[in-house]
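We name chains A, B, ... by the order of the sequence lines, and we start the count at 1 in each one. Just so it is clear, the values below take in all heavy atoms, side chains as well, and ignore hydrogens, waters and symmetry mates.
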Amino acid sequence: MTAAVASQSAGPRRIRWADMGPFIALAVVVLAGVMINSSFLSGTNIANVVTRSAFVAIIAVGATFVISSGGLDLSVGSMMAFVTGIMILAMNRLEPSMGGYAIVAGAGIGLVVGALCGLLNGLIVTVGKIEPFIATLGTMGIFRALITWMSDGGSIPIERSLREPYRPVYFGDVLGIPVPVILTLVVVLVGAFVLYRTKYGRRCMAAGSNADVARFSGVSVAKVRTTAFVIQGLCVAIAAICYIPRLGAATPTTGQLWELQVITAVVIGGTALRGGKARVWGTVAGALILEVIANLMVLSNMVSEYLVAAVQGVIIILAMLAHRFIK
Amino acid sequence: MTAAVASQSAGPRRIRWADMGPFIALAVVVLAGVMINSSFLSGTNIANVVTRSAFVAIIAVGATFVISSGGLDLSVGSMMAFVTGIMILAMNRLEPSMGGYAIVAGAGIGLVVGALCGLLNGLIVTVGKIEPFIATLGTMGIFRALITWMSDGGSIPIERSLREPYRPVYFGDVLGIPVPVILTLVVVLVGAFVLYRTKYGRRCMAAGSNADVARFSGVSVAKVRTTAFVIQGLCVAIAAICYIPRLGAATPTTGQLWELQVITAVVIGGTALRGGKARVWGTVAGALILEVIANLMVLSNMVSEYLVAAVQGVIIILAMLAHRFIK
Amino acid sequence: MSEALPIPGPSPVQPALPLPAMQAAGLCKAYGPITVLTDIALDIRAGEVHAIIGENGAGKSTLMKLLSGHVLPTAGHLAMAGQPVEFADAVAAEAAGVVLVHQEILLAGDLTVAENLFLGRELTRGPMVDDRAMNRRAAEILASIGAHCHPRDPVSGLPLAQRQLVQIARALLEPRKVVIFDEPTAVLANDEVAALLAVVRGLRDRGAAVLYISHRLDEVEALADRITVLRDGRMIGTWPARGLTQRDMAELMVGRKLDMLYPPRRPAASGDPLLRVQDLSVDHGAVQGSFAVRPGEVLGIGGMIGSGRTEMFEGLMGLRPATGSAVLNGTPMVHRSVGAWQAAGLVYLTEDRKGKGLLLDEPLGPNLTLQALTEVHPRLTLDRKAEGAAVAKAVADYDIRVRSVHLDAGQLSGGNQQKLLLAKVMLTDPQVVIIDEPTRGIDIGNKNQIYDFIDALVRTGKACIVISSELPELVGLSDRVLVMRGGRIVAELTGDQITEQNVVYAATSGEGHGPQGAQP
Amino acid sequence: ATGVLAQEKRVIAVSIPAATHGWTGGVVYHAEQAEKEIEAAFPNIDVIVKTSPSATAQVSALEDLAAAQTLDALVILPFTSEELTGPVEQVKAAGTFIAVVDRGLTDPAIQDLYVAGDNIAVGANTAKWLAEQLGNEGNVVVLRGIPTVIDDERIQGFTEVIEGTNIEILDIQYANWNQDEAFTLMQDYLAKYPQIDAVWANDDDMLLGVLEAIRESGRTEIKYALGGNGMKDVIEMVMAGDAMTPISTPYPPSMIKSAIYMVAGQFTGQAPMRGSFKLDAPLITPENAEQFYFPDSPF
Ligand SMILES: Nc1ncnc2c1ncn2[C@@H]1O[C@H](COP(=O)(O)OP(=O)(O)OP(=O)(O)O)[C@@H](O)[C@H]1O
Ligand SMILES: Nc1ncnc2c1ncn2[C@@H]1O[C@H](COP(=O)(O)OP(=O)(O)OP(=O)(O)O)[C@@H](O)[C@H]1O
Ligand SMILES: [Mg+2]
Ligand SMILES: [Mg+2]
């Protein structure tokens, strides 16, 4: 009976120290930043870094769905370029007839295209039963080739007349908070709600944790995973919407290697690659960590430019090790 | 007692059709090649393609160890560049005193460096307990930065005087069989022997299939996985040895994105990414499939240069789908 | 198999008058060339507990999977209340009111207890899952079956027994017409078993039809209204339970007379201890455990579920963080790992055969020789012949019923997996064996054999530690029994003190008989 | 701030692509050389060199540089024109002197100083020379780099000239400015086309791979294999009067160094240099090769 007493008293949700890992790692990196360069903490710099991390953070929220449901998406970077390309083409085409509203219409088209791209990935993985790594590696090539083809190997710039009205979506702010940050917050809140508070979220975890059990329990694993890929596509489109005003063009190199950053953010955030666990807020911390590290590389003058990638690699590994020791 | 009798009479190992998948896919791709362009079957072309696939095949044999033991190595491409750079530097340094023997000494150094790089990966993954994806993504950045730094962003060419004696290692042949092909065969045979015929191979499968079972059976999962990474490092060094005479230089772009090709080859070959199963011969077929597809893209006139990557992506996905249908 | 049945009395009963809740006719199942079940006819009535018994590999689990849609039959029909039904999958069967509690545990480890219970049928409030309601319901249902875990515990951290109870709770969440239990008590200890039996009776009294598989014939005797016997994939018959004794059941299952179950008492062990353990403490498990075992001795470890027995020995083996000292054969064991222990002559057999014991997608050979790789394959290369011989010997020695030696371990029946696991550990030829639940899921005919095996082992001067939740086994096998409670060794029983009552008493109240403290 | 004059420290930020292949490697090398030399010569000037692996990262780097300190001047080699125009404009808004190298911004008004490479000319001059040598007849295969503006412009310059001749471009494929991929691609071209008169690799890094493939194949009908950029090894070949590669086109990565020096001048007492300086892409021939040869450069 002792056992019973002990477990009964376990009571409400415990604070899990392990879950704090990414936030502690973020704090450590920020602290390092402060020590390396005093201007790190300047308002503009912090605002820049946080705003910039919006792209990876938003896409990584989608990736949290995919990964926790047992999938993996290597195509997000190319998909981002492709969706950006389609959106700019659509906006430019619509601009003569719609004026500024072309932006809204283009964004809508982007969301639809993003969702369709995600659907494609999802169907190849679930209906075609192909290892997600390979399936999305395939579509990564496909999307990248499509944007190269659409841009004839060059670039697809947005119309000048659309630049001004579109600008605030990246550069504007509401009550001092940059718009991309607000957008990220909304995406994260919605993502956390769906993952932690809805049936779908539950089923996502179950599908990622043990697909057989989920199946026996009447969960359609294929549907759950496909939906996760669609959500990923939508997140990519949202990121694309706030990316366009920043750079104003889509090129064959847009979003290159973002997939690796996104997955790294998710994993640093505490979501396991084998699925079954999701840490949306951790994911955001992961995205911030990556962006802060990159920022520090620019702010500090200690490393040869050739070795920046090495230092970044070392810091990421150290951050993960710090995790372990905290656990 | 009927049961016992039946088991005795069940006879030898069955032929598993599913295991033939990669070879059938290879046959299909080759057949497509023949139909697309008559010069595909020309002796030179076939020899070129097969010889070229040696690098990916050799590295992929190592990756088969890592993946089947439950790991993943994204750093192989950069490691290849780094090892190549170290070897060339060593050979150039030794050349004045040793002459042609500098090649042998340099190759030896390359093997040691490769093994050490693998050991580093292995220790980060097993002792540091960091998700292999992240750990090797980190070392990928590190190795790439090191070669960039070693070459000052340019290239590290091998001494002219070493070129001629070294040439045959890539361009030579024995009884008409190109040396790299022979090397690949040796690596594959040794790999297959170790995986299927030794105790280590058994432990590898056990660690990848269920780490807990392995632990409870007295298998040191950490040691097995670390060894797999070291084997991967050795394979990278072997690939580097036969790569150097081909172009005679190491550059920051050497081996770029090979990690993806290598993993694709392994998975197309029938090894599951989640570990526990290894198909060394399938891996070789996978490497050949990739190289043949790339070759066909150039030989055929059907696709725009912008879309080559898309068509390759589609073909890989189709090849994987073909697998499924055969199963 | 055509020899006359040893039971003279009852003949197979005729179908009763009211429509059976579920009916099976001509059910067959084959995996490729391997026939597992042939021509099974069964009627399952509401308000009745129908026990299915048979040897390991007889096809009981397979039959249950056919009835509950987890596996599709190769031939035959099912009907519910007279209407023919066909289940496309387990979900369809559950919708029709048929649910199976699996022999092996099927839960999503990352989810909490409550999340697992309600997976696929979450309670919601608006668009949100109603965790509070689900946790409340879960707590109720867990309490009703005597499970002590918390609804918010992650399943992966639970001991095997609690996981089994969660699985049972999952089946009982909604009212069912047919509830199938496949060896539900194999991983449970006495008081949990009692609670479960009460649950089963409750189900029956509320009009459900219950199918019940167990190798513990006392449970079958206590519960069953009717009993069906399977042997080698065929039906031997169905009898009313009242007329059958446990001995009758055993003989129907095995098809021959059975000898005495437990080996005769051994002379008291003397000599220096083979293994001496001092102050062993394990995180979340044992506290300062000290004990010793002598050559020629079977040391039994008793205690309730959750008393920390498994944890203590996993800690000893170096499989969990632990502190304390151990001396084996006079040599202090400083570095404790499974490999080091094995080299020194001690092995541990896990209670969790699926999770920690066997590689389910590997064939028999690799599984059998995994732990004894160097013994079986002394040279650089694998010795296939030696491995084949080892498999053949294990199959014979442990009576592993496989229809083909090329099957994967996961395709063996539960009991045969257990035998394979036992054979695997024994292949290392240890001095001291620690067996956690040695006969879990093994049929009555084979238990015998395993007891004899343990007896023969210790008679050659070796020693065996048996952790068991089955009291008769613990009492019948042990020369000495340590009882654990709350992670501590609270009693040591020797000689005549070893009775079921004393073990239970010590396990629950802590007032053990005999000398206080566990030092021998 | 030891014994130096109370004079204000001037900051010149240099933003360039990361060293991902030979030419960008050269850019990084020359930028770092300039940094070292200028800082040694003028203690009141601080040169900060930052590399970025992508356009996005370059925009971020600009933001970071501008946020961390007041920039007196910015020397930038933009990844792409469209994408960097806005961000550079913002830097300029804070009063920073802007020097753009190689690729011009879409709004030239932003550029105080423009050191322009001419990628179209690289392609066009090579094509003109080739057409002349081949007598406006023959078959050519082309290898292109990574899909970016530089690559696009070079190919554009080349094809526009070739279109005015009877020369046929048999094939154009990407080899990503990668020696290795160029080798592979050339092998496949050789397998595919029995008659190739000339190869243009658009970059000397790729040219090295192409030459190796040709040498190995033993094919003799190929008259010319040309690259571009003026890589050290290739200039050596030109100087040696190589038959297959008698010319190259300069696209010196050292242009970044020139730009940095021109900017630094204004902080050492000279008047600021403004305006556009277009680097020509004259052919490098055995006669003039010496001027383009920098044995110490990694490129
Ligand atoms: N997928 C499969 N392929 C081939 N044979 C199988 C497969 N699954 C089960 N079997 C065989 O079917 C037989 C019956 O197995 P089952 O699990 O039904 O036995 P059981 O009566 O439940 O035994 P136990 O008491 O040991 O649990 C076994 O011999 C087993 O090896
Ligand atoms: N990871 C863990 N974290 C916290 N408590 C744990 C953990 N693992 C086990 N426990 C607790 O340790 C105690 C002992 O576990 P366990 O039930 O396995 O012991 P046992 O006596 O071997 O029982 P069984 O009859 O199941 O073998 C239980 O109270 C269990 O909840
Ligand atoms: Mg069973
Ligand atoms: Mg236990």
Less than 4.5 Å to any heavy atom of chain A: does that hold for the side chain of L106(C), its backbone, both, or neither? both
Rounded distance [0.5 Å steps], CG in D212(A) versus CG in L107(C): 12.5 Å
Whatever's closer than 4.5 Å to a heavy atom in chain C on Y200(A) counts as neither
Is R121(C) in contact with chain A via its backbone, its side chain, both, or neither, using a 4.5 Å heavy-atom distance? backbone
D110(C) and R274(A) ion-paired at < 4.0 Å: yes
Would you call S217(A) and R170(C) a side-chain contact if the rule is heavy atoms closer than 4.5 Å? yes
So which heavy atom on H70(C) is nearest to which on F216(A), and how close? ND1-CE2, 3.1 Å
From F193(A) atom CZ to M128(C) atom CE, the distance as rounded to the nearest 0.5 Å: 5.5 Å
Is a donor on one side and an acceptor on the other found under 3.5 Å between the side chain of R202(A) and the backbone of E122(C)? no
Kindly compute the distance separating OH (Y196(A)) from CG (D131(C)), expressed to the nearest 0.5 Å. 13.0 Å
Reported CD-to-CE distance for the pair E115(C) and M205(A), which is rounded to 0.5 angstrom: 9.0 Å
Can you see which heavy atom on S209(A) is nearest to which on G109(C), and at what distance? OG-N, 3.4 Å
Would you say the side chain of V213(A) lies within less than 4.5 Å of the side chain of L119(C), judging by non-hydrogen atoms? yes
E140(C), CD atom: more than 12 neighbouring heavy atoms under 6.0 Å: yes
To the nearest 0.5 Å, tell me how far D130(C) CG sits from K199(A) NZ. 12.0 Å
